Amino acid sequence: MSTATLDGLTVVLPPAQAKLRAQMLNPWKWRLFAVGKLPSLALWRVRITALDADACTITIPYGYRTQNPFRSTYFAAQAGAAELSTGALAMLQLAGQPAASMLVTRFDSRYYKKVSETLTLVCEDGPAIAEAIAQTIADGKGRETVAYSRGYLPDGQLASEFWVTWSFKRR
C-alpha cells in the first residue's frame, strides 16, 4: 500500500492506484502516455498537477498551440483538459478493479472569462465517481455520474465550468 497526504491526513491508496497516480504525476511518463493515447492533450501541453482519490487538478497553458483567432484559449482545448480532470479520477478508481469501461455520454460547459493565461481546472468529484464505479462492479449494472470541473485563472477568477457525464459498465 502507498500513502498520499491530503489536507494533512494520510490516505492509503491500493497498490494499483498508487502506481497509476505516480505515473500520471511523473512529467515524463505522463507525456509518453499522452502522446500515445491522448495526442491532443500532449500537443496542448496539458499537465496533471495534483491527483488523489478525491480530486484532480490540471493545467493548460495559453499559447500558440491552444489559442483561437481571438487570442484566447480555444474552447475545445479547455474542454479536453476538463474531460481529463474528471477522467483521471475515474481511471484512478478503475485501477486494480475488475475490467470496466468508461465513456463520456454528455458534455456541458459554460464560459465566463476570456482565457489568455494558464488555466487551472479542478474536479473534486472523486467520491461520487468512486461510488458509481463500485456499484457498477458490485452488481454489473451500468451507471452514469456527472462530474463537475471548474476552470480558474491565475488570479482565482472562475473562467469556465464543465459537466462531464461518465458512463461505467462492467465488461
Side-chain angles (χ1 to χ4, degrees), residues 1-4 11 13-68 72-109 115 117-126 128-130 132-134 136-137 142-152 160 162-171:
M1 295 281 183
S2 176
T3 62
V11 178
L13 297 174
Q17 289 183 4
K19 181 180 178 183
L20 179 63
R21 178 181 180 272
Q23 290 172 340
M24 294 180 95
L25 291 173
N26 179 299
W28 292 104
K29 289 181 181 180
W30 164 249
R31 189 169 295 140
L32 287 173
F33 174 80
V35 166
K37 302 287 186 183
L38 304 164
S40 295
L41 295 178
L43 175 70
W44 295 330
R45 300 199 175 190
V46 171
R47 300 284 182 262
I48 299 174
T49 57
L51 175 63
D52 58 50
D54 293 329
C56 181
T57 303
I58 306 288
T59 59
I60 182 166
Y62 171 72
Y64 76 96
R65 296 170 193 247
T66 59
Q67 74 181 3
N68 61 28
S72 64
T73 301
Y74 185 47
F75 81 93
Q78 291 184 54
E83 180 184 355
L84 177 63
S85 73
T86 62
L89 289 168
M91 289 172 60
L92 187 66
Q93 292 299 329
L94 286 168
Q97 299 285 349
S101 64
M102 54 189 273
L103 177 69
V104 173
T105 57
R106 184 178 172 116
F107 192 96
D108 295 303
S109 59
V115 178
E117 305 174 77
T118 296
L119 184 69
T120 300
L121 293 118
V122 179
C123 178
E124 297 173 326
D125 287 342
I129 292 168
I133 290 170
T136 295
I137 290 171
R143 296 281 189 298
E144 283 191 344
T145 190
V146 178
Y148 173 62
S149 183
R150 297 169 313 283
Y152 295 101
S160 49
F162 304 89
W163 294 266
V164 183
T165 303
W166 285 98
S167 171
F168 303 102
K169 293 185 181 173
R170 190 163 180 186
R171 289 185 188 167

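Heavy atoms only: backbone and side chains are in, while hydrogens, waters and symmetry mates are out. Keep in mind it's a predicted model, so treat the numbers as computed, not measured.
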Q: Hey, can you pull the donor-acceptor pairs under 3.5 Å for the side chains in residues 86-95, sequence neighbours left out?
A:
unit_1: Thr86; atom_1: OG1; unit_2: Glu83; atom_2: O; d: 2.9
unit_1: Thr86; atom_1: OG1; unit_2: Trp166; atom_2: NE1; d: 2.9

Q: If you measure from CZ on Phe168 to OG on Ser101, what distance do you get to the nearest 0.5 Å?
A: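 These two atoms lie 9.0 Å from each other.
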Q: Can you check whether Asn68 reaches Ser72 side chain to side chain, under 4.5 Å on heavy atoms?
A: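 Yes, close enough: below the 4.5 Å cut-off.
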Q: With side chain to side chain donor-acceptor pair (under 3.5 Å) as the test, would you mind laying out the steps for Ser149 and Ser85 before giving the verdict?
A: CA-CA 7 Å; Ser149 183; Ser85 73; 2.8 Å; yes
Q: Can you sort out the partners of Gln97 under side chain to side chain contact (heavy atoms under 4.5 Å, CB included), two or more places apart, ordered by chain and number?
A: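 Here the qualifying residues are Ile137.
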Q: Within this structure, what is the CZ-CG distance for the pair Arg31 and Asn26, rounded to the nearest 0.5 Å?
A: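 One gets 10.0 Å once the value is rounded to the nearest 0.5 Å.
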Q: Do Trp30 and Ile48 make a side-chain contact, defined as non-hydrogen atoms from C-beta onward lying under 4.5 Å apart?
A: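 Touching, per the 4.5 Å side-chain cut-off.
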Q: Could you tell me which non-hydrogen atom of Ser160 sits nearest to which non-hydrogen atom of Gln78, and how far apart they are?
A: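 Scanning both residues, the minimum pair turns out to be OG-OE1, 3.0 Å.
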Q: Please name the pair of heavy atoms, one in Leu121 and one in Ala82, separated by the smallest distance, quoted to 0.1 Å.
A: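 Reported closest heavy-atom pair: CD2-CB, 3.8 Å.
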Q: Would you call Glu144 and Arg106 a salt bridge, taking side-chain N to carboxylate O under 4.0 Å as the test?
A: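 Salt bridge between Glu144 and Arg106, a charged N being under 4.0 Å from a carboxylate O: no.
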Q: Do Arg47 and Pro27 have side chains that get closer than 4.5 Å, going by heavy atoms?
A: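 No, too far: nothing below the 4.5 Å cut-off.
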Q: Do you know which two heavy atoms are closest between Arg143 and Ala132, and how far apart they sit?
A: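 Shortest heavy-atom contact: CG-O, 3.6 Å.
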Q: Pair Tyr148, Arg150 - check side chain to side chain donor-acceptor pair (under 3.5 Å), show working.
A: CA-CA 7 Å; Tyr148 173 62; Arg150 297 169 313 283; 4.7 Å; no
Q: Within a reach of under 6.0 Å around CZ of Phe107, are more than 12 heavy atoms found that belong to other residues, nucleotides or ligands?
A: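 Atom CZ in Phe107 is packed in, count exceeds 12.
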Q: Please tell me if the side chains of Leu13 and Arg21 come closer than 4.5 Å, counting only heavy atoms from C-beta onward.
A: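 The answer is yes, as the side chains (C-beta and beyond) meet within the 4.5 Å cut-off.
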Q: Please check if the side chain of Asp52 supplies one atom and the backbone of Ala55 the other of a donor-acceptor pair under 3.5 Å.
A: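 Indeed, once roles are kept as given, a pair shorter than 3.5 Å links the two residues.
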Q: With sequence neighbours excluded, give me every side-chain hydrogen bond (donor to acceptor under 3.5 Å, both in side chains) pair touching residues 32-46.
A: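 side-chain hydrogen bond (donor to acceptor under 3.5 Å, both in side chains) check on residues 32-46 returns no pairs.
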Q: How about Ile60 and Thr66: do any of their side-chain heavy atoms sit closer than 4.5 Å?
A: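 Contact flag for Ile60/Thr66 side chains = yes.
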Q: Run Thr59 and Leu119 through side-chain contact (heavy atoms from CB on, under 4.5 Å) and show every step you take.
A: CA-CA 6 Å; Thr59 59; Leu119 184 69; over 6 Å; no
Q: Examine the side chains of Tyr62 and Gln67 and answer whether a donor and an acceptor come within less than 3.5 Å of each other.
A: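 A donor-acceptor contact under 3.5 Å links the two side chains.
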Q: Report yes or no: does Thr57 contribute a side-chain atom to a donor-acceptor pair with the main-chain N or O of Val122 at less than 3.5 Å?
A: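 It does not hold such a pair.
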Q: Return the CG to CD1 distance between Leu84 and Ile58, rounded to the nearest 0.5 Å.
A: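 So the gap between those two atoms works out to 4.0 Å.
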Q: Could you tell me which non-hydrogen atom of Glu117 sits nearest to which non-hydrogen atom of Thr73, and how far apart they are?
A: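 Heavy-atom minimum between the residues: O-OG1, 4.4 Å.
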Q: Could you state the interatomic distance from CD1 (Ile129) to CE (Met102), rounded to the nearest 0.5 Å?
A: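 Interatomic distance, Ile129 CD1 to Met102 CE, rounded to 0.5 Å: 8.0 Å.
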Q: Do Val104 and Ser167 have side chains that get closer than 4.5 Å, going by heavy atoms?
A: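 Heavy-atom side-chain distance check fails, nothing below 4.5 Å.
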